Amino acid sequence: MRLRSPGLFLLLLSGLQADIQKKEEVQGIVGSSVELNCVYPEGSSFDLNDFYIYWQTAMPETVVTYYLPGNTSPRYKDNRYQHRAQLSLDSMEQGNFSLRLYNITPQDEQTFHCLVFQKSLELKKVLQVNVTLHVAANYSIPVVSNPIGPSEDEELTFMCKSTNGYPRPNVYWINQTDNSLLDEALQNSTVSVNEHGLYDVVSTLRVRRAPNVNVKCCIENVLLHQNLTVSSQTEPSSGTKDKITDKPARPQEKNITVFIVFGILCVLVAVAVAAGWFYRNRRSSGSYIGIRQDSWCRLSMLILLGWALCLFKHS
Ligand SMILES: *[C@@H]1O[C@H](CO)[C@@H](O)[C@H](O)[C@H]1NC(C)=O
Ligand SMILES: *[C@@H]1O[C@H](CO)[C@@H](O)[C@H](O)[C@H]1NC(C)=O
Ligand SMILES: *[C@@H]1O[C@H](CO)[C@@H](O)[C@H](O)[C@H]1NC(C)=O
Ligand SMILES: *[C@@H]1O[C@H](CO)[C@@H](O)[C@H](O)[C@H]1NC(C)=O
Ligand SMILES: *[C@@H]1O[C@H](CO)[C@@H](O)[C@H](O)[C@H]1NC(C)=O
Ligand SMILES: *[C@@H]1O[C@H](CO)[C@@H](O)[C@H](O)[C@H]1NC(C)=O
């Protein structure tokens, strides 16, 4: 029996019993790497010329990587795994057929089967390990937006957004006053899959308008045992308040500019005055550079004064 086609072994997956069968679960984070364990318990030395080693998945049915007797390196059939799945020959010689999978994506959420057949035992399946990989990605810190809409509304609408997580999130809205969970009937969460295959979630909460409605939005990642919780606080008029605080910023900036320009002018005027005094003193002490310098000083002082007046009028 010549076993050249890797696909042939897929048929054997559900068939023959292996000497050693194991089941494992492992968790991987999107973008990082993970070790899928497949270790022959009696760790002695293995003659790789006597073994067929397969790593494959059933859904979709594909061979991740395989090693044939007499080869010097593992092979790949599926280019989705070509640069991401790695066996170590050194470890394999110790009966450790573990696979390292790099750059995990949500599509790797499946069961990987490690199959080891021994040639000298008429291709007996000596080891089978089923490793289920659970993929997780950290949700972004939720952003809770304050109620939008006119303040005459009977209701307040809060919105909470979080992105790039895996698996699907649980969303909770919490009453911050007594830490109770708010009624699900008040909420509407939309979960969508983005271009990275990760989940984005938008949740809205509608509650009766009241003074001091304090709520929290909580995004739970069950796999990471993680709750990301962010508060939102509001008062009845906070919607309009935001707009008001937006506006004074500009006039203030202008004031600062005028203030700085005036400061510079003051210094310039002071320098001009001092220079004027200096030259006048030199003239009276009999220096000959006198008259021309003094009138130049007065002229520059006049120009500066004019400039200052002009600026004053403008502001
Ligand atoms: C491993 O998976 C195969 C194919 O799904 C199944 O037949 C076998 O019983 C599983 N083995 C264990 C130990 O779970
Ligand atoms: C198996 O080999 C891999 C890769 O060399 C290594 O990271 C892992 O620790 C080994 N596992 C055991 C149980 O020796
Ligand atoms: C997930 O993100 C949160 C907030 O950015 C951080 O506090 C936490 O440590 C992260 N967890 C993991 C497992 O990366
Ligand atoms: C939050 O809890 C307080 C105290 O139990 C209650 O008075 C308030 O109505 C609750 N707020 C909402 C939005 O349910
Ligand atoms: C929830 O939000 C979605 C999207 O905004 C909308 O299509 C749907 O009608 C809403 N459902 C309820 C019960 O409000
Ligand atoms: C996250 O919050 C929910 C709702 O309050 C709770 O049921 C769950 O146990 C929390 N999970 C963790 C890991 O704290």
Side-chain angles (χ1 to χ4, degrees), residues 7-27 36-41 53-64 97 99 109-117 124-134 136-139 141-142 144 146-147 153-160 162 165-189 201 203-236 238:
L8 205 53
F9 283 114
L10 289 167
L11 299 172
L12 299 172
L13 250 180
S14 52
L16 303 165
Q17 279 278 307
D19 276 0
I20 296 164
Q21 295 220 45
K22 267 194 255 172
K23 215 170 121 186
E24 292 198 6
E25 309 221 349
V26 62
Q27 184 186 305
L36 307 177
N37 280 323
C38 179
V39 182
Y40 199 82
I53 297 140
Y54 282 78
W55 271 100
Q56 52 198 27
T57 61
M59 281 191 299
E61 201 170 273
T62 191
V63 176
V64 175
F97 309 104
L99 179 80
E109 170 107 3
Q110 54 184 311
T111 301
F112 293 79
H113 302 272
C114 168
L115 305 170
V116 181
F117 302 88
K124 188 174 172 43
K125 185 155 67 172
V126 290
L127 175 63
Q128 168 157 7
V129 182
N130 299 345
V131 186
T132 302
L133 174 59
H134 298 286
N138 208 356
Y139 277 93
I141 295 190
V144 183
N146 278 330
D153 263 14
E154 296 272 289
E155 285 181 324
L156 294 167
T157 304
F158 293 88
M159 191 181 276
C160 177
S162 180
Y166 201 91
R168 270 184 102 84
N170 290 327
V171 182
Y172 308 98
W173 284 92
I174 297 160
N175 182 346
Q176 213 169 328
T177 314
D178 57 5
N179 265 332
S180 63
L181 291 178
L182 288 163
D183 190 350
E184 276 181 38
L186 306 169
Q187 309 165 24
N188 182 6
S189 300
V201 57
S203 181
T204 53
L205 173 79
R206 292 178 74 83
V207 292
R208 260 257 162 79
R209 182 174 291 278
N212 287 316
V213 179
N214 297 332
V215 295
K216 288 192 280 190
C217 168
C218 170
I219 305 292
E220 181 182 29
N221 188 321
V222 177
L223 209 54
L224 293 176
H225 307 292
Q226 188 179 57
N227 277 342
L228 297 173
T229 307
V230 169
S231 319
S232 168
Q233 288 200 354
T234 184
E235 287 145 33
S238 85

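Source: prediction; values computed, not measured. No hydrogens, no waters, no symmetry mates; every other heavy atom, side chains included, goes into these values. Atoms within each ligand, like the ligands themselves, are counted from 1 in listed order.
Residues that satisfy the side chain to side chain contact (heavy atoms under 4.5 Å, CB included) test with Asn37, not counting sequence neighbours, are Glu24, Glu35, Ser98.
Of all atoms in ligand 1, numbered sequentially from 1 with element shown, those under 4.0 Å from a heavy atom of Asn130 are 1 (C), 2 (O), 3 (C), 8 (C), 10 (C), 11 (N), 12 (C), 14 (O). The ligand atoms of ligand 1 that sit less than 4.0 angstrom from a heavy atom of Gln128 are 1 (C), 2 (O), 3 (C). Counting atoms of ligand 1 from 1 in the listed order, those under 4.0 Å from a heavy atom of Lys23 are 14 (O).
Among the atoms of Asn227, some N or O lies under 3.5 angstrom from an N or O of ligand 6. Polar contact with ligand 6: absent for His225 (N/O pair, distance under 3.5 Å). Annotation: Lys22 places no N or O atom under 3.5 Å from an N or O atom of ligand 1; distance criterion only.
Under the side-chain contact (heavy atoms from CB on, under 4.5 Å) test applied with Tyr172, the options Cys160, Ser203, Cys218 reduce to a single match, Cys218.
In this structure, Asn179 contributes its side chain and Ile174 its backbone to no donor-acceptor pair below 3.5 Å. The main-chain N or O of Tyr139 is never found under 3.5 Å from a side-chain atom of Gln226 such that the two would form a donor-acceptor pair.
Residues Ser231 and Asn214 bring no donor and acceptor atom of their side chains to less than 3.5 Å of each other. A donor-acceptor contact closer than 3.5 angstrom is absent between the side chains of Asn227 and Thr229. Judged purely by distance below 3.5 Å, without hydrogens or angles, the side chains of Glu220 and Asn170 pair a donor atom with an acceptor atom. In this model, a donor atom of one side chain and an acceptor atom of the other lie less than 3.5 Å apart for Thr132 and Thr111.
Enclosure of atom CD in Gln110 by more than 12 non-hydrogen atoms of other residues, nucleotides or ligands within 6.0 angstrom is indicated.
Listed by chain and number, residues touching ligand 4 at under 4.0 Å (heavy atoms only) are Asn175, Thr177, Asp178, Leu182.
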